[in-house]
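Here is the structure we will look at.
Because the structure is predicted, anything quoted here is derived from the model rather than measured.
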Amino acid sequence: MVAEPRDTTSHLAHDLGGIRTVRLALGGEIPWFNPSASLERWRQDIVPRLSFDGARRILDESERIGTQVLIPRTKEWPLDLGVLGPDQPIALWVCGSLSGAHSGRSAGVGLVGARACTAYGAAVAAELASSVVADGHTVVSGGAYGIDAAAHRAALLEGGRTIAVLPGGLDRPYPAGNRDVLEQVAASGALVSETVPGAPPTRHRLEQRGRLIAALAQTVVVVEAGVRSGALTTANLAMEFGRSVGAVPGPVTSPSSAGCHELIREHGSSVVTGITDIRRDLEQEGFGPTHQMEVSDRPFSPSWLDAARDRTL
């Protein structure tokens with residue numbers, strides 16, 4: 001209730017545990033903990049917002065809207081988040097189920113990219129998402145407009161699993177224009193947030209959700225992104241976590257693909273031209289298809305993209 005992703009409170013909770021962190025905030029001392037000079041400022045900041053009645057209201061609201069509240073000790077907690085170290089969330093709110101998102105040979109595949117994507121990007125995202133779930137894997141994305149929405153919708157149309165990581169409370173799906181697809185994601189996969197019900201999306205929360213996408217996916221593919229796209233941050237974090245990262249090439253004249261070309265040129269990301277490339281990257285991570293439906297293995301071409309775009313629309 002009083003923490004933000006990757007702030008002092010969340011780091012203290014990781015180091016000390018939740019109970020000791022609350023005691024420390026309320027003026028208690030931890031024998032082996034050496035407080036810094038900024039501790040008093042931290043206390044002054046959070047104590048006015050630290051309310052047990054408020055925490056109870058949040059838990060009651062979570063139950064009312066049908067969300068699970070997970071903490072690292074619960075068996076449903078995604079173990080993949082361990083790569084975040086001290087930047088792990090204190091808790092997760094989940095609408096739907098994370099169980100079976102990836103286990104055994106099944107993996108999470110992050111498909112991310114620009115909100116203001118082109119028709120090319122949307123069609124490619126849809127085809128890749130369809131192929132990923134046809135192989136028995138889970139599509140992980142951020143629920144946003146553009147590439148995210150195209151990937152989620154295609155996974156749902158294929159009857160597969162998809163996870164959307166949101167930057168605000170699950171009682172206020174963001175963006176509101178994607179409410180329909182996000183409700184479908186919750187019904188067949190999972191909506192995930194590290195913020196409490198009622199929390200609005202903020203710039204900081206939007207930036208921080210990328211690390212959860214990168215951690216929950218065994219490979220991340222940037223479908224279309226400009227040079228300042230947040231999708232590149234997600235890709236860079238995935239590299240830091242030891243995940244494989246791929247990028248879809250686009251027209252050399254398109255600013256919407258400049259970020260993908262930068263990943264390939266400057267960071268050695270693999271070139272993704274179809275599901276075969278994603279399968280290769282997953283096999284290097286120890287994952288293979290759990291089953292395969294009939295999917296396209298062809299490189300992207302204008303006529304094929306027209307058909308894919310029609311299916312997406």
Transitive ILVMFWY side-chain link Leu98 to Val83, under 4.5 Å: yes
Closest approach of Arg49 to Asp45 (non-hydrogen atoms, all atoms of both residues): NH2-OD2, 3.2 Å
From Leu39 atom CG to Gln44 atom CD, the distance as rounded to the nearest 0.5 Å: 10.0 Å
Exam field: side chain Asp7 to backbone Ala3, donor-acceptor pair closer than 3.5 Å: no
Asp53/Arg56 ion pair, N-O < 4.0 Å: no
Residue from Leu182, Asp180, Val181 passing side-chain contact (heavy atoms from CB on, under 4.5 Å) with Pro173: Leu182
Side-chain (Glu224) to main-chain (Ser257) donor-acceptor, under 3.5 angstrom: no
Cationic N near anionic O, under 4.0 Å, Arg211 to Asp87: no
Value rounded to 0.5 Å, distance of CG in Leu50 from OG1 in Thr9: 9.0 Å
Glu194/Arg205 salt bridge by N-O under 4.0 Å criterion: no
Atom CZ of Arg43: over 12 foreign heavy atoms under 6.0 Å: yes
Step-by-step side-chain contact (heavy atoms from CB on, under 4.5 Å) determination, Leu84 to Arg6: CA-CA 10 Å; Leu84 297 174; Arg6 301 180 71 182; over 6 Å; no
Co-membership, hydrophobic cluster, residues Leu263 and Leu237, 4.5 Å side-chain: yes
Beyond-backbone contact of Thr162 with Val133, side-chain heavy atoms, under 4.5 angstrom: no
Test item: Ser244 side-chain N/O and Thr219 main-chain N/O as donor-acceptor pair under 3.5 Å: no
Arg209 side chain vs Gly142 backbone, donor-acceptor pair below 3.5 Å: yes
Heavy-atom donor-acceptor pair, Ser141 side chain to Val112 backbone, under 3.5 Å: no
Heavy-atom donor-acceptor pair, Asn178 side chain to Ala144 backbone, under 3.5 Å: yes
Heavy-atom side-chain contact between Val132 and Val221 under 4.5 Å: no
Heavy atoms from other residues, nucleotides or ligands near CZ of Arg280 exceed 12 (cutoff 6.0 Å): yes
Trp93 vs Leu166, side-chain contact (heavy atoms from CB on, under 4.5 Å): CA-CA, chis, key distance, verdict: CA-CA 10 Å; Trp93 277 258; Leu166 303 187; over 6 Å; no
Taking every non-hydrogen atom, the tightest pair across Asp171 and Gly198: OD1-N, 2.8 Å
Atom pair CD1/NE2 of Ile147 and His152 - distance to nearest 0.5 Å: 11.5 Å
Interatomic spacing from OG1 in Thr21 to CG in Leu16 - rounded to 0.5 Å: 4.5 Å
Neighbour count >12 (heavy atoms, 6.0 Å) for atom CD, Gln284: yes
Leu92 versus Pro89, closest heavy-atom pair with distance: CD2-CG, 3.9 Å
Shortest non-hydrogen contact between Ser97 and Arg161, atoms and distance: O-NH2, 2.7 Å
Rounded distance (nearest 0.5 Å) linking atom CE of Met239 with atom NE2 of His267: 6.0 Å
Charged N-O contact under 4.0 Å between Arg57 and Glu61: no
Heavy-atom side-chain proximity of Ile58 to Pro197 below 4.5 angstrom: yes
Gap separating the OG atom of Ser254 from the NE2 atom of His261, nearest 0.5 angstrom: 7.5 Å
Short side-chain to backbone donor-acceptor contact, Thr67 and Ser62, under 3.5 Å: yes
Hydrophobic cluster membership, Leu212 vs Tyr174, 4.5 Å side-chain cutoff: no
Val140 with Trp77, same ILVMFWY side-chain cluster at under 4.5 Å: yes
Phe241 CZ: over 12 foreign heavy atoms closer than 6.0 Å: yes
Shortest non-hydrogen contact between Ala129 and Ala155, atoms and distance: CB-N, 4.2 Å
Residue pair Glu207, Arg203: steps toward the salt bridge (charged side-chain N to carboxylate O under 4.0 Å, His left out) verdict: CA-CA 6 Å; Glu207 292 171 349; Arg203 182 182 183 88; 3.4 Å; yes
Verdict with supporting geometry, Leu156 and Ser188, side-chain contact (heavy atoms from CB on, under 4.5 Å): CA-CA 8 Å; Leu156 292 166; Ser188 62; 3.0 Å; yes
Single-linkage hydrophobic cluster, 4.5 Å side-chain cutoff, Val271 and Ile275 together: no
Asn236 versus Thr233, side-chain donor and acceptor atoms under 3.5 Å: no
Worked verdict on Glu76 versus Leu70 for side-chain contact (heavy atoms from CB on, under 4.5 Å): CA-CA 7 Å; Glu76 297 89 355; Leu70 307 182; 3.9 Å; yes
Side chain Ser10, main chain Ile90, donor-acceptor under 3.5 Å: no
For the student: nearest non-hydrogen atoms of Ala164 and Val185, plus distance: N-CG1, 4.0 Å
